[in-house]
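Throughout, a chain's letter reflects where its sequence line sits, starting with A, and its residues are numbered from 1.
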Amino acid sequence: MEWEVVIGLEIHAQLATNTKIFSGASTAFGAEPNTQACAVDLALPGTLPVFNENALRMAVMFGLAVNSEIGKRSVFDRKNYFYPDLPKGYQTTQLAEPIVGPGYVDIETDDGDTRRVRIHHAHLEEDAGKSLHEDFHGMSGIDLNRAGTPLVEIVSEPDMRSSKEAAAYARKIHAIITTLGICDGNMAEGSMRCDCNVSIRPKGQATLGTRTELKNINSFRFIERAINTEVARQIDLIEDGGRVIQETRLYDPDKNETRSMRSKEEANDYRYFPCPDLLPVIIDDAYIDAIRAELPELPDARRARFIEQYGLSDYDAGVLSSDRAQADYFETVAELTKNAKLSANWITGELARLLNQADMTVKQSPVSADQLAGLINRIQDNTITGKIAKNVFELLWNEGGSADEIIAAKGLKQVNDTGAIEAAIDQVIAQCTTQVEQYIAAEPDKRGKMLGFFMGQVMKLTQGKANPGQVQGVLKQKLDQRC
Amino acid sequence: MFNLTLSELSNALSRGEFSSLELTQAFLDRIKRLDTQYNSFITLSEEHALQQAKAADTLRATGQATALTGLPIAHKDLFCTQGIRTSCGSKMLDNFISPYNATLVERLNLAGMVTLGKTNMDEFAMGSSNESSYYGPVKNPWDLDRVPGGSSGGSAAAVAARLVPAATGSDTGGSIRQPAALCGITGLKPTYGRISRYGMVAYASSFDQAGPMTRTAEDAALLLQVMAGEDPLDSTCATQAVPNFSASLNDSLLGLRIGLPKEYFAEGTDPVILERVREAIAEFEKLGATVKEISLPKTQLSIPAYYILAPAEASSNLSRFDGVRYGHRCDSPKDLEDLYKRTRAEGFGAEVKRRIMVGTYALSEGFYDAYYRKAQQIRRMIQQDFIQALSEVDVIMAPVTPCSAFRLGEKNSDPVSMYMEDIFTLSLNLAGLPGMSIPCGFADNLPVGLQIIGNYFDEAKLLNVAHQYQQVTNWHQQSPANLSEG
């Protein structure tokens, strides 16, 4: 049997507001437990919510970025359930009248096609606190710092057909929200979390299979792995004569398995009803238009411009535009060096490698765009070779300063002096008599390849500082004279 | 001094007849001496009150006193008071001391008022007799075998017994007006949203409205002036401008159009009460008002609609009382579910549990449309009824209750008959309209209340109408015969 995988995603993104969605407490990450929870967040008797207009503005930005209808009237509802990290005993969310209506984003599939993933809606809600189960001698601790952090929950239609598409969609949403600046996108800190609804059906069947929901997946890699694992489980189950039951499952990345959290039968009846403490949110066209006018360039548009304006490859343009900070970094370097291709190579190459090793984002990079551009410009004007440049880059990363300072201090300036280069070449030819004889004896069309050995020797002798183009020219000339 | 109104006490303070400290101490002593028979206070905040009184005297000495500076008041025990227990009449909050003041408390404090203590109430404001309080029932000062009404029964009894010149109350289905009527005092439920709800422990958020409970309309105007107005901490609080309520108290009632809803004068109400109400209306005619019969045809639907919607909101509002962060927590819970179940089973009384269950049921999957949504539709119809009626008349007058104060225990075993107590009051909460109860005579030596209903944000008109009546009658000046003077 050939199976088709059907995936829909619910992405929770924490909005980058300074204060909480319904209180004035700070949303900063990492504070001592319960130091950023005010009377409202603690749900003290008598407290009332006041809606943070900044959260509204950010949700509208998102809606406009994904081609959605904006709800001119949206309503907050209460989702009632008991949990220790949910202080009020209900979560304030939006059900029937969300702020963001139907929209879509386009993703690229493996075969290079574009697939449109429809967004069912996106709504505003408050995050819960955290239960801490360690270090409390058999009891649980509750940290309410996160309680009331604004979230936008982005609910897709079941439009994805592979784990790769799901990850691509999640990356696209990540690129949009970080480009908009409405979410820091830090998945490790939980700023963006993903629930995956996964089902399978025989290829060609119209009706959907029974789905399971994989909760709180916090990296793109885990999205792919969790879905693959769950799909394999569902196929095995059905092919062994069983059936999938609708349930919530947890993905364990250490064991690479999913396991049941709760079934539909155990699910709460959330008894949604409109929150009587909050008025319906009414916005008009002028409000929406003002936000539209302020929208930054979005990832798809920027990618297209990178190809058009800088002549970048599809791939480079895609990578660089997926993150606003990275795209900004690239544009700064490209402007300063007037060499987009070389800039792109350095950013997706050396810079990405070191950032990845250090588990950092571009924003945290110790080498600024200005510093990298200074380095690239020294390559372009032949002050240093590409090889030396990599060393200089590591020094910039570790010790700071400018490329010029490092080159001067370490004497790494490229040798362009013909006399010095000729002297080095003469020395190599004199020392490597065997190789010179082999060169002379070789067929003329094989000699080109053999030149590499002498190149290496000359560069070694000059500590990599000799201008490689110049070395090659003189070497060839001097060896060919002997033939 | 105990028989003086707020305005009279204010004048006396200005004239230096006594200090706020003396006044406060005198009322505190009186409460300590007499309240054992009424049980109208849950907490007496003596030390706090004396400090406030001293501060008030200083303000007065330096010429910074307002009309209310140095005057004693008591707060219904659902208004959060910083440093003073706020129990809501419940075991659940028996140990709860709020770290902040309700907006209303904050404003009255700023005006210089002195908080004597916190008054008894039906648990979480759920009740019409004050019998559901964890701290025991309140006795009606007019007859100690009878209830004071509820849920603001402690406030009403304390004002009636001259233990305090004024108190705050809250009205979700009649909880200011009904006890005011049963205890023979003046009670005002303003328009929904007129007074901030911030810091008022929620029962049913879309109904709850705080208001003043006083002896006269003039005093109610003084208090409302300070209590009313926009609050950035309450999104549902109205932004409407607050007029000078005292300024229009003496406006003439000549040409005032009074509507009498025929549904409120139907069978089922004590005929003596109807007689007292008709006599009051005759007084208004003497003052130049005209009277017209109107119809509020959906009146009968108000009880079922209210008893779906208010419990639905309550079931959610009371979820926060889970034993995790504050309030009652059961002893040595064995797991989370045990913590929830026992904490709530022990912490809540029977009526609160009943309403949580009713509300939970009404919101349940599959029942929402049949109950909650339908009740919301009825709510809008009732609102339309009133809007229509108030387009033809200036105020509506009616009884407050179908009978006068009933005996303790009389309706306790029959929740539906208790719910019927609110038949004339809770329509206003469904509609969000302001309403007032003022004394208009007696039935078998028990006070009878006249209800005056006005248009949205027209509290000034209600106060004007009530004040004019109190200029030509003295029902509001009567005090219970059993008061032991001292």
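- Contacts of A362(B) with chain A are absent, with no heavy-atom separation under 4.5 Å from either backbone or side chain.
- Distance CG/L278(A) to CG/D234(B): 10.0 Å, rounded to 0.5 Å.
- How far CZ of F82(A) is from CZ of R344(B): 3.5 Å, rounded to the nearest 0.5 Å.
- Using a 4.5 Å cut-off between heavy atoms, L318(B) does not touch chain A at all.
- For H12(A), the NE2 atom sits in a packed shell: over 12 heavy atoms of surrounding residues, nucleotides or ligands are nearer than 6.0 Å.
- Rounded to the nearest 0.5 Å, atoms CG (L48(A)) and OG (S205(B)) are 7.5 Å apart.
- Residues F273(A) and A312(B) come closest through the heavy atom pair CZ-O, 4.2 Å.
- Contact of the Y198(B) side chain with the V40(A) side chain is registered, since non-hydrogen atoms from C-beta on lie closer than 4.5 Å.
- Other residues, nucleotides and ligands contribute more than 12 heavy atoms inside 6.0 Å of the OH atom of Y100(B).
- Y90(A) is listed as a side-chain neighbour of R320(B), based on a closest heavy-atom distance under 4.5 Å.
- More than 12 heavy atoms of other residues, nucleotides or ligands sit less than 6.0 Å from atom CD of E53(A).
- By the 6.0 Å contact criterion, CG on D331(B) is open, its count of non-hydrogen atoms from other residues, nucleotides or ligands being 12 or less.
- Annotation: side chain of R271(A) is in contact with side chain of S315(B) (closest heavy-atom distance under 4.5 Å).
- Residues L44(A) and S98(B) have side chains not in contact (no heavy-atom distance under 4.5 Å, counting atoms from C-beta outward).
- Two residues are said to be in side-chain contact when any heavy atoms from C-beta on lie closer than 4.5 Å; T86(B) and P45(A) fail this criterion.
- For the pair D277(A)/R197(B), a side-chain contact is recorded, criterion being any heavy-atom separation below 4.5 Å from C-beta on.
- For the options M200(B), R373(B), Q376(B), heavy-atom pairs under 4.5 Å to chain A are most numerous at M200(B).
- No side-chain heavy atom of P276(A) sits less than 4.5 Å from a side-chain heavy atom of F207(B).
- Highest contact tally toward chain B, considering only G89(A), A43(A), A39(A), is held by A43(A) [criterion: heavy-atom pairs under 4.5 Å].
- Counting heavy atoms from C-beta outward, R325(B) and N34(A) have side chains that stay 4.5 Å or more apart.
- A distance of 10.0 Å separates CD of E365(B) from OH of Y272(A), quoted to the nearest 0.5 Å.
- Heavy atoms of F79(B) lying under 4.5 Å from chain A are absent altogether.
- Summarising the local packing, CZ of R107(B) is surrounded by more than 12 heavy atoms from other residues, nucleotides or ligands at distances under 6.0 Å.
- With a 4.5 angstrom heavy-atom cutoff, N317(B) touches chain A via backbone and side-chain atoms both.
- Interatomic distance, E313(B) CD to R78(A) CZ, rounded to the nearest 0.5 Å: 7.0 Å.
- Within a 6.0 Å radius of NZ in K374(B), no more than 12 heavy atoms belonging to other residues, nucleotides or ligands are found.
- Scanning both residues, P274(A) and Y368(B), for their nearest heavy atoms gives CD-OH, 3.5 Å.
- Note that the CG atom of L279(A) and the OG atom of S235(B) stand 6.0 Å from one another [nearest 0.5 Å].
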